[in-house]
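First the structure, in the form of structure tokens, and then the observations on it.
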Amino acid sequence: MNMEVEILKPGDWVKTYADYLYSLALIKVSNKETAEDLVQETFLSAFKAKDSFKNGSSEKTWLTAILKNKIIDHYRKKDILKDVSSYISETNKGFDEHFFDTHNGHWLMESAPLAWKELADAKVNLNEFNKIIQYCIQKMPTKLVPVFVAKFLDEAESDLICKEFNITPSNYWVIIHRAKVLIRSCLEKNWFLS
Amino acid sequence: MKIYLFRKTVFDCKQATLLSLKKEGGKITIMERVKLFYHLLYCVYCRRFEKQSSIINHLGEGVINSIFTDPPHTLSDKAKENIQQQIDNPGQ
């Protein structure tokens with residue numbers, strides 16, 4: 001068996017990848033119809049471009065990358081990140097009041113991170129974690145999701161994300177910070193201590 | 001004045017947690033690193049935040065694969081048939 005050569009099998013794509021790509025799209029765009037359209041566009045673009053598929057890449061990675069680009073185009077068309085600066089300043093107070101003392105920036109006692117004791121010896125149930133993290137991303141404000149997911153799920157570099165989404169590094173760090181504070185708190189409430 | 005500002009910002013957890021994330025992403029300046037270091041000496045909550053953030057990143061590495069092996073959502077049959085048809089009969 002030669003693992004280096006992967007041959008595309010477009011006839012099997014829907015069976016093998018449709019639910020995966022749809023779930024991934026749904027996490028990123030939080031809208032069923034949009035996710036459905038994006039998956040359809042992904043398969044059709046991939047089919048048209050199938051001759052440009054390079055051996056050594058995997059079918060799954062290739063389709064995932066095409067979907068990722070479709071989603072970035074979608075964010076651009078919808079101007080999801082257009083007014084990100086004003087969004088950040090408008091919601092700053094609300095975020096602070098929930099987690100930090102607005103005078104000195106200290107954690108509020110009810111929001112301060114607790115020790116995650118059980119984690120050290122307990123075997124982490126990854127299945128459970130995956131479900132809860134998806135739930136926590138769904139609960140996140142939609143303006144934060146694209147950047148957070150690009151960093152967290154796609155593991156893209158910060159410079160690339162700033163460029164692709166056309167945001168300043170300073171706004172990038174504010175978004176990542178808020179998203180991480182929210183995700184950490186959501187996980188703590190729903191998983192580690194339950 | 002500089003010392004006053006340093007002390008004021010050093011004890012700010014909102015800023016310290018942001019600096020932890022910059023450190024994680026390899027984008028922290030030396031001055032920020034010093035501030036964060038002093039903050040973490042005194043602040044158990046921000047030490048927890050930093051540690052938990054890295055735990056979350058580590059666990060997050062498996063999420064994409066788990067979505068592939070066990071997709072939490074299903075594309076409608078109608079959409080699947082539609083796509084399958086277009087792939088099987090291109091140009092129609």
Side-chain angles (χ1 to χ4, degrees), chain A residues 10-11 13-15 17-27 32 35-37 39-40 43-44 47-48 60 64 96 99-101 104-107 112-116 119 124 126-127 129-131 133-134 151-155 157-159 169 173-174 176-177 180-181 183-184 187-188 192, chain B residues 8-22 24-28 32 39 43-88 90-91:
Chain A
W13 281 353
V14 172
K15 196 177 69 193
Y17 303 106
D19 291 339
Y20 158 68
L21 293 174
Y22 177 67
S23 298
L24 199 55
L26 200 51
I27 289 173
K32 288 182 180 176
E36 201 168 297
D37 289 346
V39 171
Q40 173 148 349
F43 281 128
L44 299 181
F47 187 71
K48 275 184 203 149
K60 180 184 158 206
T64 309
D96 281 6
F99 291 100
F100 301 101
D101 186 315
N104 55 23
H106 291 188
W107 285 101
L114 302 169
W116 289 355
L119 206 65
V124 175
L126 283 175
N127 221 359
F129 172 82
N130 290 324
K131 288 200 179 99
I133 196 94
Q134 286 168 42
K151 166 75 174 62
F152 185 69
L153 293 185
D154 300 339
E155 293 175 41
E157 291 295 327
S158 55
D159 299 335
W173 288 111
V174 173
I176 289 292
H177 179 243
K180 203 56 166 287
V181 168
I183 280 281
R184 197 213 63 82
L187 284 171
E188 186 168 286
F192 294 105
Chain B
K8 186 170 155 51
T9 54
V10 146
F11 295 109
D12 183 325
C13 298
K14 186 188 175 188
Q15 192 179 39
T17 46
L18 192 141
L19 294 182
S20 280
L21 297 176
K22 285 179 102 172
E24 203 178 84
K27 297 282 179 187
I28 193 167
E32 288 171 335
H39 185 95
C43 183
V44 62
Y45 302 116
C46 289
R47 283 203 297 274
R48 282 181 192 157
F49 180 89
E50 192 173 281
K51 193 173 153 205
Q52 291 167 1
S53 170
S54 105
I55 293 173
I56 295 167
N57 292 346
H58 180 65
L59 293 174
E61 288 166 12
V63 173
I64 292 255
N65 275 332
S66 91
I67 292 170
F68 179 66
T69 47
D70 184 16
H73 306 281
T74 340
L75 185 66
S76 68
D77 289 341
K78 202 177 146 219
K80 281 182 185 164
E81 278 166 28
N82 188 11
I83 299 165
Q84 189 71 52
Q85 230 167 28
Q86 296 192 58
I87 289 175
D88 292 342

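Chain A is the first sequence line, chain B the second, and so forth, proteins listed ahead of strands; every chain is numbered from 1. Computation of the quantities below employed the complete heavy-atom set of this structure, encompassing side-chain atoms and omitting hydrogens, waters and symmetry-equivalent molecules. Every value quoted in this text rests on a predicted model; they were computed, and no experiment measured them.
- Looking at A:Glu36, both its backbone and its side chain come within 4.5 Å of chain B, counting heavy atoms on both sides.
- Partners of A:Ser23 under the side chain to side chain donor-acceptor pair (under 3.5 Å) rule, at least two apart in sequence or in another chain, do not exist in this structure.
- Within the 4.5 angstrom heavy-atom criterion, only side-chain atoms of A:Leu26, from C-beta onward, approach chain B.
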Margin query: Show, in sequence, the C-alpha distance, side-chain angles and deciding distance for A:Trp116 and B:Lys51, and conclude whether the side-chain contact (heavy atoms from CB on, under 4.5 Å) test is met.
Written below: CA-CA 10 Å; A:Trp116 289 355; B:Lys51 193 173 153 205; over 6 Å; no

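- Heavy atoms of A:Leu21 lying under 4.5 Å from chain B are absent altogether.
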Item checked: Chi angles and distances behind the side-chain contact (heavy atoms from CB on, under 4.5 Å) call for A:Gln40, B:Leu75 -> CA-CA 10 Å; A:Gln40 173 148 349; B:Leu75 185 66; over 6 Å; no

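- Among the candidates A:Asp159, A:Ile27, A:Val174, A:Ile183, the residue making the largest number of heavy-atom pairs closer than 4.5 Å to chain B is A:Asp159.
- Contacts between A:Tyr22 and chain B at a heavy-atom distance below 4.5 Å involve the side chain alone, from C-beta outward.
- To the nearest 0.5 Å, atom CD1 of residue B:Ile56 and atom CD of residue A:Glu188 are 9.0 Å apart.
- In this structure, the portions of A:Ile176 lying under 4.5 Å from any heavy atom of chain B include both its backbone and its side chain.
- Interface remark: A:Ile133 contributes side-chain atoms only to the contact with chain B (heavy atom separation under 4.5 Å).
- The backbone N or O of A:Lys15 sits nowhere less than 3.5 Å from a side-chain atom of B:Gln84 that would complete a donor-acceptor pair.
- Between the NE2 atom in B:His73 and the NZ atom in A:Lys32 there is a gap of 8.0 Å [rounded to 0.5 Å].
- A:Glu157 does not touch chain B: none of its heavy atoms, backbone or side chain, sits under 4.5 Å away.
- Taken from CZ in A:Phe47 to CD in B:Gln86, the straight-line distance is 10.0 Å, to the nearest 0.5 Å.
- Your options are B:Cys43, B:Ser20, B:Ser53, and the one with the most heavy-atom pairs under 4.5 Å with chain A is B:Ser53.
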Check: side-chain contact (heavy atoms from CB on, under 4.5 Å) between A:Gln134 and B:Ile67: does it pass, once the steps are laid out?
Finding: CA-CA 10 Å; A:Gln134 286 168 42; B:Ile67 292 170; 3.7 Å; yes

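- Between B:Lys80 and A:Asp19, some side-chain heavy-atom pair lies under the 4.5 Å cut-off.
- Heavy-atom pairs under 4.5 Å with chain A peak, among B:Gly26, B:Ala79, B:Pro72, B:Cys46, at B:Pro72.
- Scanning both residues, B:Gln52 and A:Pro113, for their nearest heavy atoms gives OE1-CB, 3.8 Å.
- When the candidates A:Trp13, A:Phe152, A:Phe100 are compared by the number of heavy-atom contacts under 4.5 Å with chain B, A:Phe100 comes out ahead.
- Heavy atoms of B:Glu24 lying under 4.5 Å from chain A belong exclusively to its side chain.
- Judged purely by atom type and a 3.5 angstrom limit, A:His177 uses its side chain to pair as donor or acceptor with the backbone of B:Lys14.
- Here the side chain of A:His106 pairs a donor or acceptor atom with the backbone of B:Phe11 at under 3.5 angstrom.
- One distance of note links CZ of A:Phe129 with CG of B:Leu59; it measures 4.5 Å at 0.5 Å rounding.
- The NZ atom of A:Lys60 lies 4.0 Å from the CG atom of B:Asn65; values are rounded to the nearest 0.5 Å.
- Nearest approach of A:Trp173 to B:Leu21, heavy atoms of both residues: CZ3-O, 3.4 Å.
- Inter-residue side-chain proximity for A:Thr64 and B:Phe68 is flagged as unmet; no heavy-atom pair is nearer than 4.5 Å.
- The greatest number of non-hydrogen atom pairs below 4.5 Å with chain A, out of B:Ile87, B:Val44, B:Asp70, is found for B:Ile87.
- For A:Asp101, no part lies under 4.5 angstrom from a heavy atom of chain B.
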